[in-house]
Amino acid sequence: MVIAGAGSGKTKVLTHRIAHLVAVNCVDPFNILALTFTNKASKEMKERIAKIIGEGQARNLWMGTFHSVFARILRVEADKIGYPSNFTIYDTADTKNLIKSIVKEMQLDDKLYKSNFVYGRISNAKNNLIGPDQYLEDVDQMSNDASSGREHIGKIYKQYTSRCFKANAMDFDDLLFKTNELFRDHAGVMLKYQNKFKYILVDEYQDTNFSQYLIVKTLAARYQNLCVVGDDSQSIYAFRGANIQNILNFRKDNPEHNVFKLEQNYRSTKTIVQAANGVIKKNKGRIEKTIWTDNVQGEKIQVHRARSDNEEGGFVANNIFGTKMNTQAAHSEFAILYRTNAQSRAMEEALRKLNIPYRIYGGLSFYQRKEIKDIISYFRLTANPNDEEALKRVVNYPVRGIGKTTLEKLIVEANRTGKTLWELLNAPDPALFNSGTRIKLAEFGTMIKSFQTMLNDKNAYELGEHISSATGLLKDLYSDKSPEGISRYENIQELLNGMRDFTEKEAEREEGKIITLSDFLIDVALLTDADQDDEGDNDRVALMTIHAAKGLEFPYVYIVGLEENLFPSQMSLGSREELEEERRLFYVALTRAEKRVTLAYATSRYRWGDLIPCEPSRFIDEVDDQFLELPQAPSTSWGTGTGSRQSLFEKKISRPQKPLQTKKKIFAAPQMKMKSMNQANSMAPNSVASDIQGMTVGSEVEHIRFGKGKVTELEGTPPNTKATVFFPSAGKKQLLLKFAKLKLVQQ
DNA sequence: GTTTAGGCAATTTTT
DNA sequence: TTGCCTAAAC
């Protein structure tokens with residue numbers, strides 16, 4: 001077991017151990033299993049290993065995320081647990097939709113049984129290997145549900161499980177749950193894999209949940225060659241069932257283990273390492289260790305206060321621009337990290353304004369877009385007609401006259417008879433449907449069947465192309481000429497291009513074998529990034545959530561949105577454990593940086609369309625003063641790089657007197673809208689409001705979002721002047737000058 | 001069965 | 001602000 005502090009070379013340990021096993025100990029790569037949590041981590045590790053031992057050897061390693069590796073094994077062994085090998089993988093959206101329909105069918109209150117909540121309960125149960133029957137008998141679970149008035153969760157769970165089974169589908173958690181089931185009930189299979197995986201390595205061990213822990217333990221039982229690498233200080237997935245206990249259990253399960261602590265940080269400056277140490281010390285439950293570094297002291301951590309999320313973005317963009325000028329750093333040396341994906345927008349806008357290239361990681365991935373999910377649902381249905389979620393999604397898209405009523409009747413019938421929607425659709429009961437509907441259903445069924453006949457003769461790309469036009473989906477998207485419509489059309493084209501690449505590459509690898517649509521589908525649900533966009537300019541600023549940044553490093557890091565209720569998140573204020581997880585998250589963010597960290601917060605921020613006031617995050621306070629450079633008095637000058645030193649004397653961030661606790665109440669009460677905001681925050685005189693001097697009716701102005709426009713009306717007195725502006729691109733807009741930041745266009 | 005207007009909730013974090 | 005859902009008009 002390697003307990004590796006941030007930046008101590010954890011990945012290097014893993015990659016070199018693997019390389020050493022192969023190159024020096026002559027272990028066959030087929031006998032090595034290496035598990036990671038993210039696709040990104042596994043891809044990076046594979047590349048690094050390939051560099052040492054060569055592409056050919058590296059390719060044969062069993063390396064990937066837990067989910068992808070065990071999905072692969074489950075496909076081979078599916079028949080043992082009653083599944084076909086082409087089972088569908090339901091993603092989160094499919095799962096939630098299925099839960100929604102079950103709640104509806106059971107006539108439960110969907111306000112009480114929100115799909116998110118129910119999914120959370122089911123997922124939690126599965127990750128602790130509690131099946132539906134066991135759940136119904138589990139006193140703890142049942143009383144937990146009863147106490148919140150949701151005593152039917154167990155029944156939903158049971159129904160959900162049987163519906164997935166009927167649809168030949170597994171969700172993400174099933175991939176691990178069923179693997180455990182497989183090994184538990186089929187000793188022969190278990191032995192086979194125990195013998196196969198002579199060496200097992202696990203990255204980010206602190207993030208394993210019980211289900212994953214047990215798989216690893218089972219597989220390693222035969223050879224006991226298990227190497228796990230982790231850092232309890234970087235455990236940030238407890239919300240997903242990750243369990244620090246696993247590190248402690250490891251010691252118990254493997255009495256002959258060795259523990260190696262890596263405490264030297266090779267990544268960051270002294271300032272960063274010491275500041276981060278100070279922060280993480282505030283956590284109670286942790287393995288004692290002190291990270292140190294031989295690196296230079298480095299720059300202090302600059303803290304910047306902005307008035308709004310947009311201004312925060314402006315500061316970051318300007319600061320990147322300035323730093324680049326001073327240091328000749330590449331764009332790719334900068335990263336902007338935030339707590340929630342929604343925060344990316346203000347950053348994007350600011351970067352775009354300065355023409356700084358950027359790339360957003362995570363967020364809504366390519367494969368989660370509606371049009372992509374639609375077309376893939378057709379693919380899924382072709383490969384597995386029992387896939388209920390796919391069928392529901394496309395049966396009436398593009399519109400073909402099979403509406404809600406018909407679908408509901410089919411579902412009721414399916415539940416009554418135990419048949420699948422697909423079976424019923426192909427033999428509709430004349431007593432239930434009129435002839436017109438029966439014809440429409442039959443036509444749909446015939447169409448899908450016609451695709452199925454091509455499944456084995458056509459390759460994935462040909463069939464994909466055929467399906468997108470034969471279903472009318474391509475035509476439907478093509479007819480939409482709005483910018484969004486065009487982009488949707490292009491996305492489909494991109495998917496088809498990706499399929500062509502895939503088909504060609506795989507065909508080459510498999511020496512001419514036809515790569516079918518089913519082959520293409522195998523991993524699609526597990527892909528998160530659109531991996532293909534490696535082309536083009538890669539010198540870009542990186543934007544991502546802190547979770548997504550784990551394992552990465554950048555010379556210059558901006559951590560933005562350091563505000564109470566945002567970071568730490570509102571949801572985490574309930575318990576010490578949750579707050580500690582947020583603190584570890586902050587620790588992860590800090591330790592991503594090599595040379596310099598910049599912290600930023602805004603005193604007001606748009607959330608749900610409302611401008612709400614914000615307080616600086618407690619985490620800023622938790623960084624020792626000696627490492628900080630605090631913001632100067634409100635000013636609009638955006639310090640670049642090493643500027644603005646005078647603030648050293650300034651007191652710790654002036655925090656408004658805390659109103660009586662219970663934060664939630666404060667925000668639940670009539671929210672501070674723009675008007676009240678002004679009074680509370682009394683706009684500084686030199687605010688960055690619109691440039692109102694000389695603005696008259698008829699003036700030409702420019703707006704960040706709407707572009708150029710003409711003022712048609714001005715009313716009210718400063719500072720509450722309101723302008724009506726006509727923008728050719730967006731039409732007539734009413735804007736408050738003090739917020740709109742209009743620029744006067746000189747004529 | 002289809003289209004559209006209006007009401008309402010939503011934001012943690014990922015495979 | 002957006003996106004989803006429902007109810008009513010077509």
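Quick note: numbers below take in every heavy atom, side chains included, and nothing from hydrogens, waters or symmetry partners. Remember, it's a predicted structure, so these values are computed and weren't measured experimentally. Order of the sequence lines sets the chain letters (A, B, ...), proteins ahead of strands, with each chain counted from 1.
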Shortest side-chain distance from A:A548, nucleotide among B:dT12, B:dT14, B:dT15: B:dT14
Phosphate OP1/OP2 of B:dG1 contacted by A:T405 side-chain N/O (<4.0 Å): yes
Closest listed nucleotide, where the reference is the side chain of A:T545 and the choices are B:dT13, B:dT3, B:dT12: B:dT13
Check: A:R607 side chain, B:dT11 base, donor-acceptor under 3.5 Å: no
A:F444 six-ring centre to A:R400 NZ/CZ under 6.0 Å and within 45° of normal: no
Touch class at under 4.0 angstrom, heavy-atom based, for A:F66 against every strand present: nothing
Sugar-phosphate, base or nothing in reach of A:F567, heavy atoms under 4.0 Å: nothing
pi-stack flag for A:F239 and B:dT13, centroid dist under 5.5 Å, interplanar under 30°: yes
Side chain of A:N341 (C-beta onward), nearest among B:dT12, B:dT15, B:dT13: B:dT13
Phosphate OP1/OP2 of B:dG1 contacted by A:K440 side-chain N/O (<4.0 Å): no
A:S68 side chain near B:dT15 phosphate (N/O to OP1/OP2, under 4.0 Å): no
Residue A:T92, side-chain atoms from C-beta onward, closest of B:dT12, B:dT15, B:dT11: B:dT15
side-chain N/O A:T38 vs B:dT14 OP1/OP2, d < 4.0 Å: no
Minimum-distance nucleotide to A:K100 side chain [options: B:dG1, C:dC5, B:dT12]: C:dC5
Any A:N396 side-chain nitrogen or oxygen under 4.0 Å from OP1 or OP2 of B:dT2: yes
Selection from B:dT2, B:dT13, B:dT11 that lies nearest to any side-chain heavy atom of A:N116: B:dT11
Given DNA chain B, 5'-ward residue of the pair A:I402 and A:K114, judged by closest heavy atom: A:I402
